[in-house]
A.B. asks: 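Just dropping this structure here.
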Number of protein chains: 2
Amino acid sequence: MQKSEEIVAEEALDGSRFMPGLSVDCVIFGYHERELKILVSKFKNTSYYSLPGGFIKRNEDADEAAHRVLFERTGLRDIYLNQFYTFGNTHRANPEPMKSVMLANGIEFNGNHWMLQRFISIGYYALVNYTRAEPKPDFFSESCLWYDIDDVPKLMQDHRLIVKKALETLRNNVNRKFIGVNLLQDQFTMGDIQKLHETILGEKLNRTGFHRKMLNSGLLKRIGKKKTGGSHRAPYLYVFHSDEE
Amino acid sequence: MQKSEEIVAEEALDGSRFMPGLSVDCVIFGYHERELKILVSKFKNTSYYSLPGGFIKRNEDADEAAHRVLFERTGLRDIYLNQFYTFGNTHRANPEPMKSVMLANGIEFNGNHWMLQRFISIGYYALVNYTRAEPKPDFFSESCLWYDIDDVPKLMQDHRLIVKKALETLRNNVNRKFIGVNLLQDQFTMGDIQKLHETILGEKLNRTGFHRKMLNSGLLKRIGKKKTGGSHRAPYLYVFHSDEE
DNA sequence: CCAAAAGTGTTAAGCATACACCCATGA
DNA sequence: TCATGGGTGTATGCTTAACACTTTTGG
């Protein structure tokens, strides 16, 4: 499964393998120590940061491409993935950053190089288990790291807008679908879920109301009590009801 | 502003003007006589029906392309338009229908013709005033007509799925945004709005509850009474509050 | 006067919010 | 015994739903 760097580079740079002018960008959310985080790549030998992304192979579904990017960056499969918007403005096409990246990495090109053309990008957001993900930079990047959603470095092109729109979608969905199952460990307390929701929404929630709403949803199942070591009553532990029976 | 058919055909068939492998498809909703309708095109000399769609010019925003398609099909500008999903599966690419269309219309092509390649399509839905729209077929089509949403002919490729997803999105939005302003006349009764919502949602709504909810929204303004000619009390007429003052 | 549609009042149910109180635990 | 976080009971207010009743109009 190991490929030499040359082969990786050759494949990555071979535009004929991909749908031209089309890319996927992934906003990969993780949650750790009460902070909502996303994965951000840094291009080698430059100061450009970007969202993990990739191109769509000629014989590959757009969703598959996003899943592939996710697997390559995190080592995880079967990830919660949601297409939320397609970014198709002309002014998002700015070849200068990519030129710098290619120059800085000794990639030969002319002005018509396929990677310098206008791209329309399909935005996906993913929810992953922070502790299971193993971020790995791609061939063009020197790092792929978690950043607090409130402390993301300046991103290339319109990637800040993409993050903003992803977060908006996530916030709209947090009340409807059950987000926690993707971002928390298998077992969690009611406090864990509430803190997660508060972090995502950026606001405090009523404790008792939240507690009851979650219980009434019928999605949770108590499996015992947790010894927190804290000087207070031990909270119940829950799993998602669908996990069992 | 009139162009000869030859020039229109030449431009429409010149793939170099467009983003390759990318299209927009529009689900154009109208409302008339208690029926929700969409515009459907029929290709010349074939029995293929499709959604109004088009390609994205190299120097054109995706949204602009959708607005252009809308204007060309309806003669309307400043239309409510909403991007709702991008369809990027490989198996949606089936060149056979398009081959038939080109054959039936005397368009020369080889197997590599750009219109026969795989396309990824950005889906938009639009809400237009039925009485103001003037549906016009494009160069490839012999008709562009309104069809009841429950009585749409068999559509090409995955266009049925696109309609389904557009309708789902519209149904999700009907309670949040105020859809009526785009689909009704300037003046309308409470019954008009309720019937519109019932048609979109496909279910009966509580009359008094709906009435009050609408009034409480603060979006409506009474402007007088309507003589319906019916043997019953004359209903109030409303306009959208933002229209005045 | 009657049927039909429209407008409005009243009541009940459901839900989230707010507050209160008790429980369990470690220091 | 005290502070802290967790679980649950009770009261309040808001929104929606359901029903009833009145109003207006043409036949």
Side-chain angles (χ1 to χ4, degrees), chain A residues 31 33-34 171-180 184-241, chain B residues 33-34 171-180 184-185 187-241:
Chain A
Y31 178 69
E33 292 182 347
R34 299 204 195 174
R171 283 180 175 164
N172 283 333
N173 287 157
V174 78
N175 290 317
R176 294 188 289 189
K177 309 176 184 183
F178 209 85
I179 298 300
L184 294 170
Q185 306 304 322
D186 293 340
Q187 303 182 354
F188 40 83
T189 67
M190 201 58 89
D192 291 337
I193 313 178
Q194 183 172 352
K195 277 162 201 154
L196 169 63
H197 280 232
E198 287 176 345
T199 303
I200 289 174
L201 295 171
E203 60 181 344
K204 285 281 165 200
L205 298 171
N206 178 278
R207 185 177 64 91
T208 56
F210 186 83
H211 190 109
R212 260 185 279 260
K213 188 163 62 171
M214 284 295 124
L215 285 182
N216 288 340
S217 76
L219 294 170
L220 301 182
K221 184 179 177 183
R222 280 188 183 160
I223 56 164
K225 296 213 173 186
K226 182 184 183 183
K227 295 275 183 287
T228 61
S231 55
H232 55 79
R233 178 175 182 172
Y236 287 107
L237 277 172
Y238 297 87
V239 293
F240 285 98
H241 201 265
Chain B
E33 291 180 349
R34 297 203 198 178
R171 284 180 175 166
N172 283 332
N173 287 156
V174 77
N175 290 317
R176 295 188 289 188
K177 309 175 183 183
F178 210 88
I179 297 300
L184 294 170
Q185 306 304 324
Q187 301 183 355
F188 40 83
T189 68
M190 201 58 87
D192 292 337
I193 313 178
Q194 182 172 351
K195 277 162 200 152
L196 169 63
H197 280 234
E198 287 175 344
T199 304
I200 290 174
L201 295 172
E203 61 181 343
K204 286 281 166 201
L205 298 172
N206 177 280
R207 185 177 64 91
T208 55
F210 186 84
H211 190 109
R212 259 185 280 261
K213 189 161 64 170
M214 284 296 124
L215 285 182
N216 289 340
S217 75
L219 293 169
L220 301 181
K221 186 180 175 181
R222 279 186 182 160
I223 57 165
K225 296 213 174 187
K226 182 185 185 182
K227 294 274 184 286
T228 60
S231 56
H232 55 79
R233 179 174 181 172
Y236 286 108
L237 277 172
Y238 297 86
V239 293
F240 285 98
H241 201 264

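By convention in this document, chain letters (A, B, ...) are assigned in the order of the sequence lines, proteins followed by strands, and residues within each chain are numbered from 1. Hydrogens, waters and symmetry mates play no part in the numbers below; they use all other heavy atoms, side chains included.
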A.B. asks: Out of C/dG9, D/dG6, D/dT16, which has the shortest distance to the side chain of B/T208?
C.D. replies: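 The listed nucleotide nearest to B/T208's side chain is C/dG9.
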A.B. asks: How many Å lie between CZ on B/R207 and P on C/dA6, as a whole number?
C.D. replies: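 These atoms are roughly 7 Å apart.
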A.B. asks: Would you say C/dA18 has OP1 or OP2 under 4.0 Å from some side-chain N or O of A/N206?
C.D. replies: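 True: A/N206 side-chain N/O within range (under 4.0 Å) of C/dA18 OP1/OP2.
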A.B. asks: Starting at CE of B/M214 and ending at P of C/dG7, how long is that distance when rounded to a whole Å?
C.D. replies: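 Rounded to whole Å, this separation is 14 Å.
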A.B. asks: Is any side-chain heavy atom of B/R171 less than 4.5 Å from a side-chain heavy atom of B/I179?
C.D. replies: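 No; the side chains remain at least 4.5 Å from each other.
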A.B. asks: Does any N or O donor sit under 3.5 Å from an N or O acceptor when you compare the side chain of B/R222 with the base of C/dG7?
C.D. replies: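 By the distance-only test, no, there is no pair.
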A.B. asks: Side chains of B/Y238 and B/D192, heavy atoms from C-beta outward: is any pair under 4.5 Å?
C.D. replies: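 Contact flag for B/Y238/B/D192 side chains = no.
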A.B. asks: Rounded to whole angstroms, how far apart are CZ on B/F210 and P on D/dA18?
C.D. replies: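 One finds 15 Å between P of D/dA18 and CZ of B/F210, rounded.
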A.B. asks: When the distance from CG of A/L201 to C1' of C/dA16 is rounded to whole Å, what number comes out?
C.D. replies: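 Checked: the CG to C1' distance equals 15 Å.
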A.B. asks: Respond yes when some side-chain nitrogen or oxygen of A/H232 is under 4.0 Å from OP1 or OP2 of D/dA3, and no when none is.
C.D. replies: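 Answer is no, no contact under 4.0 Å.
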A.B. asks: What is the distance, to the nearest angstrom, from the CG atom on B/L205 to the C1' atom on D/dT16?
C.D. replies: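 So the two atoms are 12 Å apart, to the nearest Å.
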A.B. asks: Considering heavy-atom distances to DNA chain C, does B/S231 or B/Y236 have its closest nucleotide positioned more toward the 5' end?
C.D. replies: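 That would be B/S231.
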A.B. asks: Do the side chain of B/R233 and the base of D/dG26 come within less than 3.5 angstrom through a donor-acceptor pair of N or O atoms?
C.D. replies: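 Per atom types, no contact qualifies.
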A.B. asks: Can you find a pair of side-chain heavy atoms, one from A/Y31 and one from A/I200, that are under 4.5 Å apart?
C.D. replies: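 No - every pair of side-chain heavy atoms lies 4.5 Å or more apart.
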A.B. asks: Taking the side chain as C-beta and beyond, is there a heavy-atom pair between B/M190 and B/Y236 under 4.5 Å?
C.D. replies: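 Side chain of B/M190 against side chain of B/Y236, heavy atoms only: no contact under 4.5 Å found.
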A.B. asks: With a 4.5 Å heavy-atom cut-off, do A/E33 and A/T199 have their side chains touching?
C.D. replies: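 No; the side chains remain at least 4.5 Å from each other.
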A.B. asks: Contact class for A/G209 (heavy atom, under 4.0 Å): base, sugar-phosphate, or nothing?
C.D. replies: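 Here A/G209 touches the bases of the nucleic acid.
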A.B. asks: Figure out the CG/C1' separation between A/L237 and D/dG7, and round it to whole Å.
C.D. replies: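 It is 14 Å, rounded to the nearest whole Å.
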A.B. asks: In whole angstroms, how far is the C1' atom of D/dG5 from the NZ atom of A/K204?
C.D. replies: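 In whole Å, D/dG5 C1' and A/K204 NZ are 13 Å from each other.
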A.B. asks: Could you state the CG-P distance from B/L215 to C/dT8, rounded to the nearest angstrom?
C.D. replies: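 These atoms are roughly 7 Å apart.
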A.B. asks: Is the base of C/dG7 touched by the side chain of B/R212 through a donor-acceptor pair closer than 3.5 angstrom?
C.D. replies: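 It does not, because no donor-acceptor pair links the side chain of B/R212 to the base of C/dG7 below 3.5 Å.
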